[in-house]
> 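Got a structure here, written out as structure tokens. Questions coming.
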Amino acid sequence: MSQPAGDRKPVATTGAPAAIGPYSQAIVAGGFVFTAGQVALHPGTGQMVGAGDVVLEAEQVFANLRAVLEAAGSSLAQAVRCDVFLADLADFARVNEVYARHVPSPAPARVTTQAAALPRGARVEIAVIARL
């Protein structure tokens, strides 16, 4: 059964890649913004950035997240939870270095999981929940 949107508001920006499926780039609800998982797609071309280089991919992921959060009226400084998905946990330390450059202190709660596969062959995907 479908529910009315209520206080749910979709977020869309050309500063991040368009959704590649039936989902929103983010949803604003209850004073928070919930982003979809972002991979290293270039917002203009839809092509993977730095494919295979987890550091370059992570940099693009954060650029995409920043654009979505800003479109919603938030930022990484307001993040309360990050979910990080890695194609290989051996990349944990390198992604952590990029993460630390982009996520200000105090760092949000976080989950890091190795996924069997990520969209478009990505090595990293990150989703964020942030306050408005």
Side-chain angles (χ1 to χ4, degrees):
M1 178 160 104
S2 177
Q3 294 182 338
D7 75 339
R8 293 178 348 125
K9 178 183 145 204
V11 175
T13 178
T14 58
I20 56 176
Y23 58 88
S24 300
Q25 288 174 320
I27 291 287
V28 170
F32 292 88
V33 57
F34 301 81
T35 74
Q38 289 290 321
V39 295
L41 294 177
H42 185 278
T45 67
Q47 299 300 310
M48 286 293 291
V49 172
D53 182 327
V54 75
V55 170
L56 292 176
E57 284 190 32
E59 290 289 350
Q60 184 64 47
V61 166
F62 278 107
N64 294 344
L65 286 168
R66 185 172 293 105
V68 172
L69 290 168
E70 287 175 1
S74 189
S75 69
L76 285 166
Q78 296 301 313
V80 295
R81 163 98 181 232
C82 291
D83 292 324
V84 179
F85 303 94
L86 299 174
D88 186 345
L89 277 176
D91 292 330
F92 184 85
R94 289 183 291 166
V95 171
N96 240 8
E97 290 173 12
V98 177
Y99 185 95
R101 286 196 300 271
H102 291 277
V103 178
S105 187
R110 184 173 107 178
V111 172
T112 302
T113 305
Q114 180 171 313
L118 295 171
R120 304 275 177 101
R123 304 215 28 94
V124 60
E125 179 176 10
I126 301 175
V128 174
I129 300 170
R131 293 183 316 168
L132 291 176

> Under 4.5 Å between side-chain heavy atoms, counting indirect links through other Ile/Leu/Val/Met/Phe/Trp/Tyr residues: same cluster for V84 and I129 or not?
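Result: no, two separate clusters.
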> How close do A16 and P43 get, heavy atom to heavy atom, and via which atoms?
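For A16 and P43, the tightest heavy-atom pair comes out as C-CB, 3.5 Å.
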> Would you find a donor on one side and an acceptor on the other, under 3.5 Å apart, between the side chain of S74 and the backbone of R131?
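Present.
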> What distance separates I126 CD1 from R110 CZ, expressed to the nearest 0.5 Å?
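CZ of R110 is found 8.0 Å from CD1 of I126.
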> Looking only at non-hydrogen atoms, find the nearest pair between P104 and A77 and report the distance.
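Looking at all heavy atoms of both residues, the closest pair is CG-CA, 3.6 Å.
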> So L132 and V28, do their side chains get closer than 4.5 Å, heavy atoms only?
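In contact.
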> Can a cation-pi geometry be assigned to R81 and F32, taking NZ or CZ under 6.0 Å from the six-membered ring centre and within 45° of the ring axis?
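No - R81 does not lie over the ring of F32 by the 6.0 Å and 45° rule.
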> State, with a plain yes or no, whether a side-chain heavy atom of R120 is found less than 4.5 Å away from one of I20.
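R120 vs I20: side chains touch.
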> Tell me, do D83 and T113 make a side-chain contact under 4.5 Å, heavy atoms counted?
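Side-chain contact under 4.5 Å: no.
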> Under the side chain to side chain contact (heavy atoms under 4.5 Å, CB included) rule, what do H102 and E59 come out as? Steps first, then yes or no, please.
CA-CA 9 Å; H102 291 277; E59 290 289 350; 2.7 Å; yes
> Can you see which heavy atom on S24 is nearest to which on P10, and at what distance?
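What the structure gives for the nearest pair is OG-CB, 3.8 Å.
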> By the rule that ILVMFWY residues connect when side-chain heavy atoms come within less than 4.5 angstrom, directly or transitively, which residues belong alongside F85?
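Listed partners: L118.
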> Tell me whether V95 shares a hydrophobic cluster with M48, the cluster being built from Ile, Leu, Val, Met, Phe, Trp, Tyr side chains joined at under 4.5 Å.
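No; M48 is not reachable from V95 via cluster members.
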> Look only at the side chain of N64 and the backbone of L41, and say whether a donor-acceptor pair between them is shorter than 3.5 Å.
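Pair found, side chain donor or acceptor close to backbone of L41.
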> Verify side chain to side chain contact (heavy atoms under 4.5 Å, CB included) between D88 and R123, making sure each step is shown before the conclusion.
CA-CA 7 Å; D88 186 345; R123 304 215 28 94; 3.5 Å; yes
> Do you know the tightest heavy-atom contact between A67 and G15?
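Nearest pair, atom of A67 first, then G15: CB-O, 3.3 Å.
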> Do L65 and Y23 share a hydrophobic cluster, counting only Ile, Leu, Val, Met, Phe, Trp and Tyr and linking them when any side-chain heavy atoms are less than 4.5 Å apart?
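Looking at the clustering, Y23 is in a separate group from L65.
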> Could you report the tightest heavy-atom contact between V11 and A72, atom names first, then the distance?
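V11 and A72 have their closest heavy atoms at CG2-CB, 3.7 Å.
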> Over 60° means perpendicular and under 30° means parallel, so tell me whether Y99 and F62 are parallel, tilted or perpendicular.
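Answer is perpendicular, since the angle exceeds 60°.
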> For E57 and V49, work out which heavy atoms get closest and say how close.
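In terms of heavy atoms, the two residues are closest at CG-O, 3.4 Å.
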> Would a single hydrophobic cluster contain both V54 and L56, if residues Ile, Leu, Val, Met, Phe, Trp and Tyr are joined by side-chain heavy-atom contacts under 4.5 Å?
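Cluster IDs for L56 and V54 differ.
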> Give the cluster check for I27 versus V33: same hydrophobic cluster or not, with ILVMFWY residues linked at side-chain heavy-atom distances below 4.5 Å.
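Not linked; separate clusters.
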> Strictly distance-based, threshold 3.5 Å: is any side-chain N or O of T35 a donor or acceptor partner for the main-chain N or O of V128?
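Side chain of T35 to backbone of V128, a donor-acceptor pair under 3.5 Å: yes, one is there.
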> CG/L86 to CZ/R94 distance, rounded to the nearest 0.5 angstrom?
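Answer rounded to 0.5 Å: 10.0 Å.
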> Test V39 against E125 for side chain to side chain contact (heavy atoms under 4.5 Å, CB included), laying out the working first.
CA-CA 5 Å; V39 295; E125 179 176 10; 3.7 Å; yes
